[in-house]
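Here the structure is a predicted model, which is why all the values come from computation and not from measurement. All values below were derived from every heavy atom in this structure, side-chain atoms included, with hydrogens, water molecules and symmetry-related copies excluded.
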Amino acid sequence: MTTDLNFSLFTDFDIQLFKAGKHYYLYNKLGSHVAEHQGQKGVYFAVWAPNARFVSVVGNFNLWDRQSHPLKVRWDGSGIWEAFLPGVQEAEYYKYFIESNNGYSVEKGDPYAFHWENPPHTATITWDIDYAWNDQKWLASRAGKNPLSKPISVYEVHIGSWRRVHEEEGRFMTYKELANELPAYCSYMGFTHVEFMPVMEHPFYGSWGYQLTGYFAPSSRYGTPQEFMFLIDKLHESGIGVILDWVPSHFPTDEHGLGYFDGTHLYEYDDPRKGFHPDWKSNIFNLTRNEVRAFLISNALYWLDKYHIDALRVDAVASMLYLDYSRKEGEWIPNQYGGRENLEAISFLQEFNQAVHTYYPDVFTVAEESTAWPGVTSSVESGGLGFDMKWMMGWMHDTLDYFAKEPIYRKYHQGQLTFSLVYAYSEKFTLPLSHDEVVYGKASLLDKMPGDRWQKFANLRLLFSYMYGHPGAKLIFMGGEFAQQHEWQHDYSLDWHENNDPLNNGVQKLLRDLNSLYKEEPGLYERNFDPGGFEWIDISDASNSVISWIRKGNNRKDDLIFIASLVPVVYENYRIGVPEIGFYKEIFNSDNLKYGGSDVLNDPEIEAFPIPMHGRTHSVPLILPPLGLIVLKYVRSNPII
């Protein structure tokens, strides 16, 4: 097998873009690519290692001989080493052997590899990722649409622990097995999107995928790249969008990964005050390097291009924005103006969002950003970061803290529940009840709730109902939808057997109905991010722990009235002011018997009487269920004849 050092996939223009950090499709050039040259089939290899003095490909095809297949460095100063190896086939295991100018030598996995060996093994694999997609109808329905104009109800999933195969010692389900179950379940539950915690290859399973080595490869723990495509295909065929968690903030220090790649700090900052993350013991990408920025943006677009992903949720944005994030005085380097803002990260995130929206305008991006950084979802042109949505972490913390309180004390904290509406439209928000809230001793959602067993379930039903009445997109982590009692444990399956209990199953039915209500009622999504889509009726009745509000659509006939009673008391003849004269219908009640409630329901039609209340000329008398939420919709103006 003779190495051909004269074949290249790079043009001069490619190199110019690469050096400028503007080559957003590097995955078509760098890495390993099955190819044919001068009538011979083989694989073209290309790797960026500008500080190397010698680079070769080692693999099972050459018995891992470091000298037999050297690469040639390009003449143009790009630092790219390349060669065509005839006879090398698909599914060959390989690494790059790199000798640095400083004498350091190492074997590295390919940063651009499409497939990796199953951990704990660390080789990369030559792989062709062609796939015959069947989601043309889905992509056509997505094209030209504003994704935020529709309901967004997200089911967050960790692939390794959604379900396990108990009959085979609790092994992981494969992508293909998931494709037979997950789309049908999400359709049954009414979720509009699945969000996968990072699927990219990661050496430590316990990192949940947030410590990546294989940025361009879905984890081989669950199957091949094409099998992951098959899962996405089936989700799309079922009308379910796919969101991927994406991690441009940091990467692990494992020797076979990106760290100290060519004997220098190539991908990471060399100064640990900028280049090492003290919380996660990981490296931080050097965003001053054009080639690193191009690596990351190419990676983002790769998942949209090759895997038809519908949205990217960017992890740990706050850690990128602040130079002093989790650092004490003296442990960080101020920016050129003496401030704590990471100017390179700001410009990178803006460039990332511009690239995504330019090339894939019907895809959306979401920031996991936990601070008061302004303009996260404002346009780049107006000085914002350019994200479409941001996780509403303040809402999550305040809401869970409120619901954890015994109902007798809630009257003293009602402002904690209503405060989110002060800033609800400062950004475009997703309401997250995510994996982070049900691990490491924080307790499951059910066990966060106070009271006896019935009250715990009633509180949880009330929490979910309040969430769906609040402006913003919705996100629920797997297991929460059927009130799993135990915290999430990544080494085990969800406790699906608990759903056989009527109270657990009642929560699942409630979530299913809330998703249906969300999709059927324009008042819940048409003006999700418009302050004109929300109006308080009354937040002053703290003594009874009752709040009421209106969600509005583009047409007044679509307006919905929400009343939440946050204590385990039945209120008879509770009167609230309403905007229209006529009759209202109770279209949802979280205390319904089918959900496990006590079945304190209102009459099929409720007449508004000319009794002024809450600044309105008419009001309706209601029965408020214990720890319950009801939704009313205007029916008609004339009485029954």
Check [X] against [Y] and note the closest heavy-atom contact, atom names and distance.
| X | Y | answer |
| --- | --- | --- |
| Asp110 | Ser32 | OD2-N, 3.5 Å |
| Ile98 | Ala49 | CD1-CB, 4.4 Å |
| Ser249 | Ala316 | OG-CB, 3.7 Å |
| Asn528 | Ala473 | ND2-N, 4.2 Å |
| Asn335 | Glu341 | ND2-O, 2.9 Å |
| Asp310 | His236 | OD2-NE2, 2.6 Å |

Using 0.5 Å steps for rounding, measure from the [atom1] atom of [X] to the [atom2] atom of [Y].
| X | Y | atom1 | atom2 | result |
| --- | --- | --- | --- | --- |
| Lys474 | Leu431 | NZ | CG | 5.0 Å |
| Phe61 | Glu92 | CZ | CD | 6.5 Å |
| Lys150 | His193 | NZ | NE2 | 12.0 Å |
| Leu85 | Gln40 | CG | CD | 11.0 Å |
| Lys137 | Glu237 | NZ | CD | 10.0 Å |
| Leu244 | Tyr307 | CG | OH | 10.0 Å |

Mind checking whether [X] and [Y] have ring centres under 6.0 Å apart?
| X | Y | result |
| --- | --- | --- |
| Trp48 | Tyr267 | yes |
| His308 | Tyr131 | no |
| Tyr94 | Phe45 | yes |

Taking the side chain as C-beta and beyond, is there a heavy-atom pair between [X] and [Y] under 4.5 Å?
| X | Y | answer |
| --- | --- | --- |
| Ser8 | Arg74 | yes |
| Phe84 | Val43 | no |
| Thr288 | Tyr269 | yes |
| Ser319 | Trp280 | yes |
| Asp436 | Trp208 | yes |
| Trp81 | Pro70 | no |
| Ile284 | Phe276 | no |
| Leu212 | His250 | no |

Do any N or O atoms from the side chain of [X] and from the backbone of [Y] form a donor-acceptor pair under 3.5 angstrom?
| X | Y | result |
| --- | --- | --- |
| Thr192 | Ser153 | yes |
| Glu201 | Ser220 | yes |
| Glu369 | Val366 | no |
| Tyr25 | Ser298 | no |
| Asn62 | Val57 | yes |
| Glu90 | Asp128 | yes |
| Thr213 | Leu258 | no |
| Glu82 | Ala46 | no |
| Glu268 | Tyr260 | yes |
| Glu156 | His435 | yes |

Check your understanding: Residues in side chain to side chain contact (heavy atoms under 4.5 Å, CB included) with His33, at least two apart?
Key ->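 Side chain to side chain contact (heavy atoms under 4.5 Å, CB included) check on His33 returns Leu9, Tyr44, Phe114.
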**Study point:** Those residues that, when tested against Glu351, pass side chain to side chain contact (heavy atoms under 4.5 Å, CB included) (two or more places apart)
**Key:** Lys22, Tyr24, Arg293, Ile297
Side chains of [X] and [Y]: donor-acceptor distance under 3.5 Å anywhere?
| X | Y | value |
| --- | --- | --- |
| Asn299 | Trp246 | yes |
| Glu99 | Ser105 | no |
| Asp305 | Tyr27 | yes |
| Asp14 | His23 | yes |
| Asn51 | Asn101 | no |
| Ser326 | Asp279 | yes |

Exercise for review: For Glu107 and Arg66, run salt bridge (charged side-chain N to carboxylate O under 4.0 Å, His left out): C-alpha distance rounded to whole Å, both residues' side-chain angles, the deciding distance at 0.1 Å, then the answer.
Suggested key: CA-CA 9 Å; Glu107 290 183 0; Arg66 295 175 171 180; 3.0 Å; yes
Review point. Taking everything shown except Lys176 itself, do over 12 heavy atoms lie less than 6.0 Å from its NZ?
Key: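 It does not: Lys176 NZ has 12 such atoms or fewer within range.
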Check your understanding: Is atom CD of Glu255 surrounded by more than 12 heavy atoms (other residues, nucleotides or ligands) closer than 6.0 Å?
Key -> no
Practice item. Applying ring-ring contact (aromatic ring centres under 6.0 Å, His included) between His490 and each of Trp162, Tyr205, Tyr210, report the one that passes. Key: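 Filter result, single survivor: Tyr205.
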Review point. With respect to Tyr215, which candidate in Phe295, Tyr112, Trp303 satisfies the ring-ring contact (aromatic ring centres under 6.0 Å, His included) definition?
Key: Phe295
Check your understanding: Given the rule in the salt bridge (charged side-chain N to carboxylate O under 4.0 Å, His left out) test, do Asp388 and Lys428 qualify, once you have shown the distances and angles that lead to the verdict?
Key -> CA-CA 7 Å; Asp388 294 291; Lys428 295 187 284 291; over 6 Å; no
Salt bridge flag under 4.0 Å for residues [X] and [Y]:
| X | Y | answer |
| --- | --- | --- |
| Lys274 | Glu331 | no |
| Lys145 | Asp362 | no |
| Arg313 | Asp315 | yes |

**Study point:** Trace of the ring pair (Phe, Tyr, Trp, His ring centres under 6.0 Å) decision for Phe7 with His37
**Key:** CA-CA 8 Å; Phe7 175 76; His37 177 54; 4.6 Å; yes
Point to revise | Ring-face cation contact, Trp116 with Arg221, 6.0 Å cut, 45° max | key: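 Judged by the rule (NZ or CZ under 6.0 Å from the ring centre, within 45° of its axis), Arg221 is not positioned above Trp116.
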Geometric class of the [Y]/[X] ring pair [parallel <30°, tilted 30-60°, perpendicular >60°]:
| X | Y | value |
| --- | --- | --- |
| Tyr175 | Phe228 | tilted |
| Phe348 | Phe352 | parallel |
| Phe285 | Phe251 | tilted |

Exercise for review: Please assess Glu181 against Arg163 for the test salt bridge (charged side-chain N to carboxylate O under 4.0 Å, His left out), listing each intermediate value before the final yes or no.
Suggested key: CA-CA 10 Å; Glu181 296 192 27; Arg163 278 189 180 152; 2.4 Å; yes
